[in-house]
Amino acid sequence: MEWKTKITEMLACKYPIIQGAFAGLGRAYLAAPVSEAGGFGIITAHNFKNAELLREEIIRAKEMTKNNFGINFTLMPPKLSEEYYMKMVDVVIDEGIKTIFTSAYKAKRIGEKLHGADVNWIHKCATMKHAIATQNHGADAVVIVGVEGTGFKAPLQNTTLINMVMANKKLNIPFIAAGGIGDAHGFLSALSMGAEAVCMGTVFMAVKECPISDKSKERMIRQDCFDPELFQKVYHHQSKDSASPSMAVGVVEEVLTAKELIDTIIGESEDILYRWGFEGSCFGTVD
Ligand SMILES: Cc1cc2nc3c(=O)[nH]c(=O)nc-3n(C[C@H](O)[C@H](O)[C@H](O)COP(=O)(O)O)c2cc1C
């Protein structure tokens with residue numbers, strides 16, 4: 001079955017499945033297999049000290065896949081400012097990357113520079129208030145992360161489901177759902193709620209290509225989702241480590257390759273659609 005949404009069109013990828021930015025781990029070894037499998041992989045720029053090291057990583061990823069992948073700039077002022085990224089923007093444009101994700105803080109200046117170079121600018125934020133501001137600043141699309149997801153938390157953050165309900169009402173640009181998504185049910189639900197793609201972090205942390213220890217992956221598989229400690233970390237901002245697994249850990253049952261994970265989500269989604277009586281050869285939000 002063909003999958004066609006505003007985001008697969010914008011990113012020129014096969015499936016509306018995006019691998020989230022990863023501090024430490026967001027490198028070619030993860031991004032390239034995700035893109036190679038038809039998803040959209042992301043290299044996280046702040047894993048590199050300078051623009052030339054980022055360029056080397058982009059070249060490495062290009063050697064691993066001919067498919068498109070993106071770069072994330074996580075703005076964490078004063079530690080990682082716009083200035084840190086401006087030289088990287090030039091490299092990214094020079095290397096022909098067509099989509100940049102920014103996240104966390106205001107990215108209007110970077111966005112304007114990207115638009116000048118005909119590069120897609122997608123900003124990731126944690127609240128609808130920031131999603132609306134992002135739209136007003138001219139982003140091409142927005143990722144909205146619900147409170148059940150991993151990453152930076154905002155005091156007034158909503159759930160992924162409520163974000164999607166509100167995004168349909170308040171946004172004119174395409175939105176991508178993130179937070180707690182990791183299987184076919186979550187993926188299809190998000191698309192049916194108006195999202196044009198999903199962005200997943202936790203479940204990609206458990207794939208074979210992600211270089212965390214086997215022990216950590218085993219811990220994810222065994223994680224009790226009713227553990228009060230997990231609950232406190234995810235919902236009550238009590239994690240010192242903003243990159244610990246989210247509630248999506250509940251769907252991690254085995255260690256798969258990125259391709260096996262994507263194929264499973266797509267295959268099971270197609271089964272669900274057929275059970276619902278869908279008879280088309282293309283599922284999508286655009287003609
Ligand atoms: C190991 C790890 C590191 C992350 N690092 C970053 C980061 O540096 N920048 C960022 O914008 N998001 C980061 N995130 C958040 C993800 O990109 C994504 O938005 C989030 O994981 C989605 O929620 P989920 O984990 O429930 O799928 C990280 C997530 C994980 C699991």
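Remember, predicted model here, so these are calculated numbers, not experimental data. For ligands, and for the atoms within them, numbers begin at 1 and follow the listed sequence.
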Problem set entry | Shortest heavy-atom approach to atom 14 (N) of ligand 1 - which of G151, A21, G20 |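 The nearest heavy atom belongs to A21.
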For this session: Only heavy atoms count here, so choose which of M205, E148, K124, M76 is nearest to atom 31 (C) of ligand 1.
Result: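 Minimum heavy-atom distance to atom 31 (C) of ligand 1 goes to M205.
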Where ligand 1 meets [X] - atom numbers and elements under 4.0 angstrom, heavy-atom basis:
X: M200; value: 27 (O)
X: T150; value: 15 (C), 20 (C), 21 (O), 23 (O), 24 (P), 25 (O), 26 (O), 29 (C), 30 (C), 31 (C)
X: S246; value: 24 (P), 25 (O), 26 (O)
X: G180; value: 24 (P), 26 (O)
X: S103; value: 10 (C), 11 (O)
X: A23; value: 3 (C), 4 (C), 5 (N), 6 (C), 7 (C), 8 (O)

Exercise. Which of parallel (below 30°), tilted (30 to 60°) and perpendicular (above 60°) describes W121 and H115?
Worked result: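 Judged by the thresholds at 30° and 60°, the geometry between W121 and H115 is perpendicular.
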For this session: Mark the output for A104 as yes if a heavy-atom distance to ligand 1 is under 4.0 Å, and as no if none is.
Result: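 Contact absent.
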Exercise. For ligand 1, is Q19 a contact, meaning one of its heavy atoms is under 4.0 Å away?
Worked result: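 No, that is not the case, since the closest heavy atom of the residue is not under 4.0 Å from the ligand.
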Exercise. Taking the six-membered ring of F48, is NZ or CZ of R55 closer than 6.0 Å to its centre and within 45° of its axis?
Worked result: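 No, R55 and F48 do not form such a contact.
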For this session: Determine, for E112 against R109, whether the closest basic-nitrogen to carboxylate-oxygen distance falls under 4.0 angstrom.
Result: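 No, no charged N to carboxylate O under 4.0 Å.
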Exercise. Are any of the N/O atoms in G201 less than 3.5 Å from those in ligand 1?
Worked result: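 G201 vs ligand 1: N/O contact under 3.5 Å present.
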For this session: Would you check, one step at a time, whether the test side chain to side chain donor-acceptor pair (under 3.5 Å) holds for H46 with N72?
Result: CA-CA 8 Å; H46 69 85; N72 165 273; 5.2 Å; no
Exercise. For ligand 1, is any non-hydrogen atom under 4.0 Å from T74's backbone (N, CA, C, O), its side chain (CB onward), both, or neither?
Worked result: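 The answer is the side chain.
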For this session: Quick one: do F187 and I266 satisfy side-chain contact (heavy atoms from CB on, under 4.5 Å)? Show the steps, please.
Result: CA-CA 9 Å; F187 168 70; I266 293 296; 4.0 Å; yes
For this session: Applying side chain to side chain contact (heavy atoms under 4.5 Å, CB included) between D183 and each of V251, L261, T264, report the one that passes.
Result: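 Of all the options given, the one that passes is V251.
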Exercise. Between Y15 and I272, is there a shared hydrophobic cluster once you connect ILVMFWY residues whose side-chain heavy atoms come closer than 4.5 Å?
Worked result: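 Per the 4.5 Å side-chain linkage, Y15 and I272 are co-clustered.
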Exercise. To the nearest 0.5 Å, what is the distance between CG (L191) and CZ (F283)?
Worked result: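 Going from the CG atom of L191 to the CZ atom of F283 covers 5.5 Å.
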